[in-house]
Amino acid sequence: MLKYPRSPKQGSQNKKPMFNMYWMYGILILSLLALFYFQDASQTKEVNWTDFEKAALAGDIDKIMVFSETGTAEGFVNDQGAKNHKFDSNDSFDGDKKIKTTIPSSDKIQEKIDAWNATLAAEGKQQIKVNYEKGSDLMKLFWYFGPIILLVVFMVYMSKRMSGGSGGGGIFNVGKSRATLFDKDNGTTVTFKDVAGQAEAKVEIEEIVEFLKNPQKYTELGAKIPKGALLVGPPGTGKTLLAKAVAGEANVPFLSMSGSDFVEMFVGVGAARVRDLFKQAKEKAPCIVFIDEIDAVGRARGKNPSMGSNDERENTLNQMLTEMDGFGSNNGVIILAATNRADMLDKALLRPGRFDRQILIDLPELTDRVEIFHVHLRNLKVNSKLDVEQLARQTQGFSGADIANVCNEAALIAARNNKKEVDWDDFMGAIDRIVGGLEKRSRIITDEEKLSIATHEAGHATISWMTQYGNPLVKVTIVPRGRALGAAWYAPEARQIIPTQALLDTMCGLLGGRAAEDVFTGQVGTGASDDLEKCTKIARSLVLVYGMSDKLPNLNYNDSTGQDYGFTKPYSDDTAKIIDEEVMRIVNEQYERAKSILRQYAKEHNAIRDLLVEREVIFHDDVQAILGPRKWKSRTDEIIEINRKEEEKRQVESKDSTDKNKDEGDDMTPPPFTKG
Ligand code: NHX
Ligand code: ZN
């Protein structure tokens, strides 16, 4: 049951007067029209033809305007004429004074005026000028109001067109939030069942569902219900999916918006949209507001206001802060926001009372990836012998979205080959395709080049095999793919803490390609640039971030908050020199080490190289046959071991607890707390 007080506005929502920007524009145009109308400052008096002729002959008229269409004429009277025809002798009025008449015949009017002029000339008076006006009064009216009408039509057209486009705003609606609403009536509902992995995050977020479902349980104890939670994690890990699942589980409306939707070229729009979003949310309470990519507005405000700061964004952020403070904690609106850079956010956003809790949504672990694969494989026709665990192992570092992509790509590859079901090879092809790009067998490679490429890749393979922390090799290939001419593929290990030696071994492995070219061909090529880039980056981070170098131990020159603009380096020129020296020394040491390992295992290296030239692709087992089994157990193997043991333990426990339950007949016994 929803127990939130409904806002009083809700009932009368439909009767709201339609007073919007259109009315404003209407009034503006009307007043403009009125202004034009009264600005035609002339005084006109109607006279008959005889009086008109008299006035003309008396010399009261300077100029005659003839409207042949309507058969009228207007005479512009001079001061003397004004007196004679009793116009107001108001000095402040300096518009035209006219007498108007109906002319007997438009054909003869010129003759008449010529006659008058002849008489006037004879009397030595000023002659009358004549003007023929083809258009009627209607035409005049058109010339007055035509441009305005055109303008109005144009504006209406523009606004129609803008509202027709994406977003549905229109220039009259720029201040409206563009939140998309998901509720039970539209869109499919997502529940926690649709979210694989993320066990800890789910527990945290289930509590939010509880806040929405049974708020009184918390408020009765005097607890304040959190206003917002921040979902932090790399892209593709399912932050949006989790937020939707909250709405689906709590069965409340879900207002979704992206942080960049607040930003527009108009000033003040962001703040207006924030206000509107929160107003909408209050009307729909209880509900969930989801702001995706909140860093678009929530980035830390600059310290120096004149320097590269974005006023509009800051205003939007300030408005958001005020709104979040503005509503009480009990009105049933919970704000979820997603970002992948929590450290960049303004500290004010993270203060208690705003986004007071952060929920970390990390890349999926091995077991999570198995679950995710199972979710996506539901819709696929796969070979029953497919080893999902092995697939999960091969996709270290993949996000949920990446895995979805792998599954789809695998199905596409299988279909291309007219298979009835998707099998292991298709999945491997899909992973290769996603990590390495398209295979390019058409690239023409000479035998000499082929040998050099094979030497390079065999170098990587040998070094990674012969170092303790080298990543476990999956395969080595000299088939061009994407930008690379060849590659050694590893199943990267997810380490929680990386020992110094692991970084050094990784560098050594990266340098192994170049070192092999050096040792076995006596000449190096440009191809290793990518390896060197990665290697140098590791060396720099070793010195600058992890404080692992001998000369600059325990120092970190990294600014993880990203608040400094990077104009000043946090170290002196002398230190910069030492940093350069240390980076150079470390890379050199590993290069020498790689060369010495290669010299030591020259025979094996050359065997791998020759096999590569022969087969183009060789696998883990081929390398093992040449170099022998590795001395070190891989972390992945250990994890598998741990998982297996835990599974066993759990089975024993569940058997125990079911036995217990049978004895006591009590279903409420919580499972025993186990650790380690
Ligand atoms: C070229 N490519 O650009 C040719 C086509 C040393 C046998 N003239 O180190 O292919 O030379 O162990 C991501 C991935 C540049 C970015 C690979 C940017 C490769 C790859 C240059 C093998 N395997 N180098 C390697 C390689 C090259 C390159 C990359 C990238 C070569 C080497 C590319
Ligand atoms: Zn390489």
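Computation of the quantities below employed the complete heavy-atom set of this structure, encompassing side-chain atoms and omitting hydrogens, waters and symmetry-equivalent molecules. Counting starts at 1 for both ligands and their atoms, in listed order.
- Within 4.0 Å of ligand 1, counting heavy atoms only, the contacting residues are Arg443, Ile453, His456, Glu457, His460, Arg483, Ala484, Leu485, Gly486, Gly527, Ala528, Asp530, Asp531.
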Result block: side-chain N/O donor-acceptor pairs under 3.5 angstrom for residues 517-530, not counting sequence neighbours:
{"from": "Glu517", "atom 1": "OE1", "to": "Gly525", "atom 2": "N", "distance (Å)": "2.9"}
{"from": "Glu517", "atom 1": "OE2", "to": "His456", "atom 2": "ND1", "distance (Å)": "2.6"}
{"from": "Asp518", "atom 1": "OD2", "to": "Tyr591", "atom 2": "OH", "distance (Å)": "2.6"}
{"from": "Thr521", "atom 1": "OG1", "to": "Glu517", "atom 2": "O", "distance (Å)": "2.5"}
{"from": "Thr521", "atom 1": "OG1", "to": "Gln523", "atom 2": "N", "distance (Å)": "3.4"}
{"from": "Thr521", "atom 1": "OG1", "to": "Gln523", "atom 2": "O", "distance (Å)": "2.9"}
{"from": "Asp530", "atom 1": "OD2", "to": "Lys534", "atom 2": "NZ", "distance (Å)": "3.4"}

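- For an aromatic pair to be called close, the ring centres must be under 6.0 Å apart, and Trp465 with His460 fails this.
- In the model, Thr455 has no side-chain atom that pairs as donor or acceptor with a side-chain atom of Ser452 under 3.5 Å.
- The set of protein atoms (N, O or S) found at less than 2.8 Å from the Zn ion (ligand 2) reads His456 NE2, His460 NE2, Asp531 OD2, by chain and number.
- If you take CD1 on Ile586 and OG on Ser549, they are separated by 5.5 Å, rounding to the nearest 0.5 Å.
- Ion pair Glu647/Arg644 not flagged as a salt bridge, since none of the NZ, NE, NH1 or NH2 atoms sits closer than 4.0 Å to an Asp/Glu carboxylate oxygen.
- Contact check on Glu439 versus Arg481 returns a salt bridge, with a Lys/Arg side-chain nitrogen under 4.0 Å from an Asp/Glu carboxylate oxygen.
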Report, one line per pair, each donor and acceptor closer than 3.5 Å where one atom sits in a side chain of residues 500-510; sequence neighbours left out.
{"from": "Gln501", "atom 1": "NE2", "to": "Asp505", "atom 2": "OD1", "distance (Å)": "2.8"}
{"from": "Asp505", "atom 1": "OD1", "to": "Arg593", "atom 2": "NH1", "distance (Å)": "3.1"}
{"from": "Asp505", "atom 1": "OD1", "to": "Arg593", "atom 2": "NH2", "distance (Å)": "2.8"}
{"from": "Asp505", "atom 1": "OD2", "to": "Gln468", "atom 2": "N", "distance (Å)": "3.4"}
{"from": "Asp505", "atom 1": "OD2", "to": "Tyr469", "atom 2": "N", "distance (Å)": "3.0"}
{"from": "Thr506", "atom 1": "OG1", "to": "Ala502", "atom 2": "O", "distance (Å)": "2.7"}

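- The two atoms that bring Ile361 and Pro234 nearest to each other are O-CD, 3.4 Å, heavy atoms only.
- Between Phe290 and Phe254, the ring planes lie parallel to each other; the angle is under 30°, not in the 30° to 60° tilted range.
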